[in-house]
Amino acid sequence: IFSIVVFGSIVNECYVNKDSQDPELLCIFNENESACSYGIAVGIIAFFGCIFFFVVDLYFQQISSVKDRKRAVLLDLGFSGFLSFLWFVAFCFLANQWQRTTMSTGVSQGADAARAAITFSFFSIIVWVVLAVKALQRYRLGTDMSLFATDQFAADPNAAYPGYPTGSGIESTETYQSPPFTETLDANPKGYQVPAY
């Protein structure tokens, strides 16, 4: 949402005419086209990145390969860290260019949009840093393979693997049980005649 606010406010209201005689639109941030272009580019990258990782999170449990799950978490971690840096640069760049802007009639019309873009780029830094920390925690959680495995194992790595449950739930005190067929076999059972060939 923050990325929509940033690139939306820059596209809609941060291009103004310098005066009424000149029809050319100039960027409101110190007439520096790079500032507007950078803010728009980072906002669009963040927006499409959010959509992509939202879909990845929806289908994460259905990814069967452990390596693919690990790659997805590492990609999330790298992308979140990279966008934290991009938003930091965007905030510094836009704030610096806004500070150098001389106020005029055209600039005052888009001043609120420029301030909104600067403010929400600052909030985006915080949000993407939090997302990077969450991705790092998710990666560290996955190092014990509980994240990447489909079954949940015991938290203690030295704990024994749980066996199959018994039918009654009550364990027998005897270690060994008698075999299921305890009859002695008779060589010539009664009632059965060996055929002669």
Side-chain angles (χ1 to χ4, degrees), residues 1-12 34-95 116-181:
I1 294 174
F2 292 167
S3 62
I4 294 172
V5 171
V6 171
F7 79 79
S9 62
I10 292 174
V11 167
N12 288 330
S34 298
C36 288
S37 298
Y38 185 79
I40 292 169
V42 173
I44 290 173
I45 290 169
F47 178 72
F48 285 117
C50 285
I51 291 173
F52 173 75
F53 284 106
F54 181 71
V55 171
V56 168
D57 283 344
L58 287 178
Y59 290 106
F60 188 76
Q61 293 299 326
Q62 296 171 352
I63 300 173
S64 60
S65 172
V66 173
K67 289 182 179 180
D68 290 341
R69 285 185 177 204
K70 186 175 181 180
R71 283 187 201 125
V73 172
L74 284 174
L75 184 64
D76 186 16
L77 175 63
F79 186 76
S80 299
F82 180 64
L83 265 180
S84 300
F85 173 73
L86 289 182
W87 279 118
F88 176 74
V89 171
F91 170 73
C92 293
F93 190 30
L94 293 177
I118 294 169
T119 303
F120 280 95
S121 59
F122 176 75
F123 291 151
S124 295
I125 298 169
I126 297 168
V127 169
W128 283 100
V129 166
V130 168
L131 288 173
V133 169
K134 290 288 186 184
L136 181 63
Q137 288 174 346
R138 195 174 190 184
Y139 177 73
R140 286 185 178 169
L141 180 79
T143 56
D144 65 355
M145 298 308 288
S146 63
L147 173 69
F148 302 118
T150 55
D151 298 330
Q152 296 298 321
F153 299 109
D156 184 17
N158 297 327
Y161 185 78
Y164 291 105
T166 58
S168 65
I170 300 172
E171 292 186 24
S172 167
T173 57
E174 296 178 8
T175 308
Y176 299 103
Q177 296 177 352
S178 59
F181 303 106

### Task
State, with a plain yes or no, whether a side-chain heavy atom of Phe79 is found less than 4.5 Å away from one of Leu131.
no

### Query
Is the Phe93 ring parallel, tilted or perpendicular to the Tyr38 ring (thresholds 30°, 60°)?
perpendicular

### Message
Does anything in residues 80-90 form a side-chain hydrogen bond (donor to acceptor under 3.5 Å, both in side chains)? List the pairs, not counting sequence neighbours.
### Response
Asp76-Ser80

### Query
Phe7 vs Phe47 aromatic rings, parallel, tilted or perpendicular, using cut-offs 30° and 60°?
perpendicular

### Under 3.5 Å donor-acceptor, Arg69 side chain and Gln61 backbone
yes

### Message
Let's go through Lys70 and Leu74 carefully: what are the C-alpha distance in whole Å and the side-chain angles of both, what is the deciding distance for side chain to side chain contact (heavy atoms under 4.5 Å, CB included) to 0.1 Å, and is it a yes or a no?
### Response
CA-CA 6 Å; Lys70 186 175 181 180; Leu74 284 174; 4.2 Å; yes

### Task
Rounded to the nearest 0.5 Å, what's the gap from OG on Ser9 to CD1 on Ile4? Could you check?
11.5 Å

#### Entry: Evaluation steps, ring pair (Phe, Tyr, Trp, His ring centres under 6.0 Å), between Phe85 and Phe88
CA-CA 5 Å; Phe85 173 73; Phe88 176 74; 7.3 Å; no

### Query
Quick one: does Phe122's side chain get under 4.5 Å of Ile118's, heavy atoms only?
no

### Task
Start with the C-alpha distance between Phe53 and Leu75, add both sets of side-chain angles, then the distance that settles side chain to side chain contact (heavy atoms under 4.5 Å, CB included), and finish with yes or no.
CA-CA 9 Å; Phe53 284 106; Leu75 184 64; 3.8 Å; yes

### Query
Is the shortest heavy-atom distance from the side chain of Phe60 to the side chain of Asp68 under 4.5 Å?
no

#### Entry: Rounded distance [0.5 Å steps], CG in Leu141 versus OH in Tyr139
12.0 Å

### Task
Kindly check if the number of other-residue, nucleotide or ligand heavy atoms within 6.0 Å of CD1 (Ile1) is above 12?
no

### Task
Only counting residues at least two apart or in another chain, list the ones meeting side chain to side chain contact (heavy atoms under 4.5 Å, CB included) with Tyr59.
Val55, Gln62

### Task
Find the distance between CD1 (Ile45) and CD1 (Ile40) and round it off to the nearest 0.5 Å.
12.0 Å

### Query
Looking only at heavy atoms, what is the nearest atom pair of Asp57 and Arg138, with distance?
OD1-NH1, 3.2 Å

### Query
Does some side-chain heavy atom of Ser3 sit less than 4.5 Å from a side-chain heavy atom of Trp128?
no

### Message
Does Val6 form a side chain to side chain contact (heavy atoms under 4.5 Å, CB included) with Val42? I'd like the steps, not just the answer.
### Response
CA-CA 9 Å; Val6 171; Val42 173; over 6 Å; no

